[in-house]
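I have placed the structure first, in the form of structure tokens, so that the comments after it can refer back to it.
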Amino acid sequence: MSRSFTRSPVFWPAVGLIALVVLNTAVNPAFLKITLLDGHLFGTPIDILTQGSRTMLLALGMTLVIATGGVDLSVGSVVAIAGAVCALMLQGGHSLALTIVAALAVGGAAGAVNGTLVARIGIQPIVATLILMVAGRGVAQLLAGGQVLIVKHAGFGYLANGFFLTLPVAPLLVGGLFVVTQLVVRRTAIGLFLEAVGDNETASRFAGLAAARVKILAYVFCGACAGLAGVLWAANVGAADANRSGENAELDAIFAVVVGGTALTGGRFVLAGSLLGAVLIQTLTISMYNLGISPAVAPVPKALLIVGVSLLQSDRLRRWLAGLWTRGGKGTA
Amino acid sequence: MPDSALLRLRGVTKRFPGVIALSGVDFSVRAGEVHALLGENGAGKSTLIKVLTGVHPPDAGEFVLDGRPISARSPKEAEAAGISTVYQEVNLIPGLSVAENIALGRQPGRFGFVDWRAVRRHAREALARLEIECDVDAELGSLSVALQQMVAIARALDLRARLLILDEPTASLDEKEVAELFSVMRRLRGEGLGLIFVTHFLDQVYAISDRITVLRNGQLVGEYVTAELPRLKLVGHMLGREVHDEAGRVDVTPVAREAAAPLLEARGLARRGAVHPLDLTLRRGEVTGLAGLLGSGRTETARLLFGIDAADAGEIRVRGDRVSLGAPRDAVRLGLAFCSEDRKIEGILPNLSVRENLILALQAKRGVWRTLARAEQDKLCEHYIAALRIKTPGPETPIRNLSGGNQQKVLLARWLATQPELIILDEPTRGIDVGAKAEIEQLVAKLRADGLAVLLISSEIEEIVRNCSRVLVMRERRLEAEVAADNLTTGRLMRAMAGGHRE
Ligand SMILES: Nc1ncnc2c1ncn2[C@@H]1O[C@H](COP(=O)(O)OP(=O)(O)OP(=O)(O)O)[C@@H](O)[C@H]1O
Ligand SMILES: [Mg+2]
């Protein structure tokens with residue numbers, strides 16, 4: 001029983017999260033405190049969820065791409081493009097609903113480009129998405145005319161920082177999307193197809209799967225998630241900054257997925273693990289801030305955490321450790 | 001003679017979650033003998049080898065080589081101790097050259113720099129020892145399967161080796177190549193090596209082995225001198241029951257020919273570099289054989305019929321309608337099925353469960369939205385695990401944990417589950433034990449009786465003769481002859497395969 005529990009893919013990120021929380025509460029006993037103020041929930045855990053919602057969203061899409069054995073480096077740039085599109089649409093007087101649809105469409109289109117390059121033309125995923133990662137920033141700059149576009153729109157800000165029935169809106173949105181994705185992926189055969197293509201693409205094709213289509217679908221979904229994340233990013237700061245929004249977001253998303261128990265080699269994926277991974281990364285960011293670690297050195301503890309959790313997930317390392325334990329005195333010839 | 005043994009294992013036990021793969025097995029090999037290790041699929045042959053060579057740690061057991069206890073913790077350590085192994089799933093890299101493959105993981109050189117000249121020289125020497133002619137700079141993937149197999153042996157065979165283990169090395173070789181392998185094995189035996197040979201071909205056991213050890217369900221059944229053990233007795237030991245006839249005769253009378261409607265017709269079908277234009281007709285209720293030597297174009301033909309490769313010329317009709325097959329998907333939707341010969345690359349999804357592997361083609365045929373309910377999936381698994389006697393701890397076990405033969409059965413089940421109208425079986429009994437082989441042949445007969453069209457590709461001529469009512473013979477990528485049921489004999493087929501020049 002306990003054995004199957006430690007083998008669960010979300011076990012190690014959960015352990016990491018608990019360790020961080022314990023460390024933080026030791027330094028600041030009020031770390032976990034949540035208060036109700038003006039009918040809204042406040043506190044560090046709420047901040048973590050609200051600020052982490054963008055990485056969660058990106059990790060959600062990234063999980064499906066990684067499951068197919070690919071990776072999408074362009075999500076950060078797509079965030080910037082979608083942000084610029086939002087700002088332009090709202091400045092142009094379009095409705096919020098239409099703006100969101102436009103951001104989703106732009107993200108989905110970017111994903112379709114990536115997916116086509118990977119699945120139909122056969123370019124390595126890293127290279128194919130690197131193209132848009134680099135070019136995407138330029139596109140965002142072009143759209144924004146080289147400026148930071150300020151957005152003033154009450155409903156727009158509400159998406160990122162508002163509360164609905166005392167709960168923060170952004171995490172609710174992401175949570176809802178997670179539930180829908182999980183249901184669609186596991187109740188239909190999509191999940192099986194994604195895992196099959198990631199595990200052995202040739203064999204999947206031979207079994208009658210439209211492998212290319214499955215891959216493109218994953219990239220389109222990932223792009224759309226990035227589009228939505230772009231909405232939240234711009235809404236959070238009330239501006240679209242083509243240079244800074246979504247900066248390094250692809251790395252956080254990939255880290256979240258890997259830490260959450262989905263292997264970069266593709267195949268089996270764990271959506272819940274990716275969300276947990278995103279929360280873990282956000283908690284780490286906030287802890288460093290709380291512990292007064294300078295942002296300049298922040299990447300170091302982050303890297304250590306990722307290496308740590310990844311090592312714990314490695315079967316080989318675990319077997320090696322177990323071997324040290326049991327062999328102990330015996331000694332071998 | 002208490003210690004004439006080169007290798008002596010005692011009480012070897014190995015458990016996997018849900019299975020006892022080996023329980024208290026004793027096994028010994030002498031220097032200068034070929035020792036056949038036999039048993040049904042999942043009997044524990046590969047596991048015994050893997051435990052001996054440090055791939056898996058044993059739960060219990062004593063291992064003695066040359067009088068000294070050994071306990072290898074990795075294949076590398078086993079190799080250093082004098083045990084060279086070619087595993088059932090050969091792990092060579094097709095994209096690298098022959099020399100690179102032979103050197104893999106032990107490149108000579110210093111300070112992390114590889115001495116390429118030494119790599120080539122070593123490869124040439126290793127191949128020369130086996131008396132194999134082969135360009136060491138050629139890409140491995142461009143060689144025939146047989147040559148690749150020889151390269152794997154050359155790679156395994158360290159100069160200090162005292163024991164060479166070959167786990168099903170002949171599964172993909174034709175008769176001539178088997179003969180070549182055997183002459184290499186005899187030479188090594190003459191040099192005083194001990195050889196362990198795993199196979200499901202009993203003819204080969206009698207042709208080369210000196211002694212036999214039989215395993216059943218992870219237990220030792222016994223050790224025998226090959227010359228003193230009649231064939232039927234051997235089969236009986238493997239299956240655990242008396243047998244009277246090795247492979248049950250299969251009824252091959254085709255359904256009356258005029259009644260049998262053509263299911264698939266190909267006219268002028270061709271692909272440059274793969275097959276010359278050919279015509280063929282596959283009928284319902286008929287098992288058509290496709291015979292030929294390795295590289296004669298049999299698999300290539302099947303790939304055209306299944307839409308894996310695109311044809312340059314010609315047309316295919318299914319049930320009379322002209323079809324265009326752009327991908328296997330199109331073929332699957334038309335009711336075709338193709339069980340590939342390469343189970344590792346084109347067959348299994350190693351990390352997914354037996355259930356997921358089994359339902360994959362059916363689910364693909366139905367499309368994403370018409371999801372098979374979990375209850376239905378479980379029912380299918382239950383049915384096929386029982387019907388094909390697939391040995392697995394359960395449907396949720398990852399398929400990579402199954403023995404080779406049992407993986408093969410799951411793949412067969414994958415295609416049967418789609419209820420195809422035409423099934424193309426490319427070496428369906430490769431790596432499958434004697435008992436299951438007879439069962440699969442019976443199954444083919446039943447599929448035929450149910451009105452399916454079956455195209456059977458096999459390198460085993462007897463298998464073709466036993467099961468087919470009509471045989472198409474390919475030679476040098478051309479359809480050369482058609483031999484009908486009434487004059488189907490092994491000799492005639494062999495002559496047709498070899499062509500006019502040879503008799
Ligand atoms: N890595 C593993 N994890 C779990 N179970 C395993 C593993 N390897 C083998 N087994 C199980 O151990 C048993 C013996 O398997 P093994 O591969 O030794 O059979 P085999 O005699 O080589 O069969 P075959 O003729 O089909 O190759 C099987 O029931 C198999 O499912
Ligand atoms: Mg085996």
Side-chain angles (χ1 to χ4, degrees), chain A residues 1 3-4 7 9 67-69 119-120 183-214 216-218 221 261-263 265-270 315-316 318-320 322-327 330-333, chain B residues 17 54 57 63 68-73 77 81 303 306-308 326-334 336-340 342-353 355-374 377 398-400 411 414-415 418:
Chain A
M1 191 69 225
R3 189 185 169 82
S4 67
R7 279 177 166 249
T68 66
R120 299 257 182 240
L183 281 179
V184 169
V185 157
R186 296 298 176 195
R187 288 287 160 84
T188 70
I190 292 178
L192 172 65
F193 287 4
L194 287 165
E195 292 183 334
V197 168
D199 202 34
N200 184 347
E201 185 177 344
T202 308
S204 304
R205 208 153 29 82
F206 278 42
L209 242 84
R213 238 184 271 175
V214 171
I216 292 175
L217 178 87
F221 178 74
T262 300
T265 43
R268 287 267 183 246
F269 67 89
V270 196
D315 269 343
R316 197 189 281 194
R318 277 211 297 252
R319 222 179 306 145
W320 184 70
L324 285 185
W325 189 256
T326 52
R327 274 172 209 272
K330 264 196 246 165
T332 40
Chain B
F63 303 77
R68 271 174 300 134
I70 51 163
S71 85
R73 270 180 286 172
E77 285 185 22
R303 289 169 68 104
F306 199 61
I308 295 165
R329 194 161 167 266
D330 302 328
V332 171
R333 301 210 157 182
L334 285 166
L336 274 51
F338 171 53
C339 201
S340 158
D342 189 336
R343 96 177 139 239
K344 197 173 170 193
I345 294 176
E346 297 171 356
I348 63 166
L349 313 173
N351 298 302
L352 300 195
S353 66
R355 171 180 57 83
E356 288 165 313
N357 271 281
L358 201 154
I359 63 146
L360 188 69
L362 176 57
Q363 184 63 64
K365 187 177 184 181
R366 293 166 60 111
V368 182
W369 303 111
R370 290 178 54 222
T371 312
L372 274 164
R374 185 56 187 265
Q377 299 185 16
I399 196 171
R400 73 181 130 79
L411 295 181
R414 172 191 289 175
W415 289 111
T418 66

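Note on naming: letters A, B, ... go to the chains in the order of the sequence lines (proteins, then strands), and numbering restarts at 1 for each one.
- The two atoms that bring Pro350(B) and Asp199(A) nearest to each other are N-OD2, 3.0 Å, heavy atoms only.
- The environment of CZ in Arg187(A) is sparse: at most 12 heavy-atom neighbours from other residues, nucleotides or ligands sit within 6.0 Å.
- Leu352(B) CG to Leu192(A) CG: the interatomic distance, rounded to the nearest 0.5 Å, is 7.0 Å.
- Ala364(B) and Ala207(A) get closest at one heavy-atom pair: CB-O, 3.7 Å.
- The shortest non-hydrogen separation linking Leu349(B) to Ser204(A) is CD2-OG, 3.8 Å.
- Heavy atoms closer than 4.5 Å to chain A are found nowhere in Arg343(B), neither backbone nor side chain.
- In this structure, the separation between NZ on Lys344(B) and OG1 on Thr202(A) is 13.0 Å, given to the nearest 0.5 Å.
- For Arg213(A), the CZ atom counts as loosely surrounded, since its 6.0 Å shell holds 12 or fewer non-hydrogen atoms of other residues, nucleotides or ligands.
- With sequence neighbours excluded, the residues satisfying salt bridge (Lys or Arg N to Asp or Glu O under 4.0 Å) with Glu201(A) are Lys215(A).
- Note on Ile359(B), Leu372(B), Val332(B), Val368(B): by heavy-atom pairs under 4.5 Å with chain A, the leading option is Val368(B).
- A pairwise comparison of heavy atoms in Ala203(A) and Ile348(B) identifies CB-O, 3.9 Å as the closest pair.
- One distance of note links CG of Asn351(B) with OG1 of Thr265(A); it measures 7.5 Å at 0.5 Å rounding.
- A search for side-chain hydrogen bond (donor to acceptor under 3.5 Å, both in side chains) contacts involving Glu356(B) returns Arg268(A), Ser353(B), not counting sequence neighbours.
- For the atom pair CZ (Phe206(A)) and CG (Asp342(B)), the distance works out to 8.5 Å, reported to the nearest 0.5 Å.
- Judged by distance alone, the side chain of Asn200(A) and the main-chain N or O of Ile345(B) form a donor-acceptor pair under 3.5 Å.
- In this structure, CZ on Arg329(B) lies 13.0 Å from CZ on Arg205(A), to the nearest 0.5 angstrom.
- Across all non-hydrogen atoms, the minimal contact from Leu360(B) to Ala196(A) is CD1-CB, 3.9 Å.
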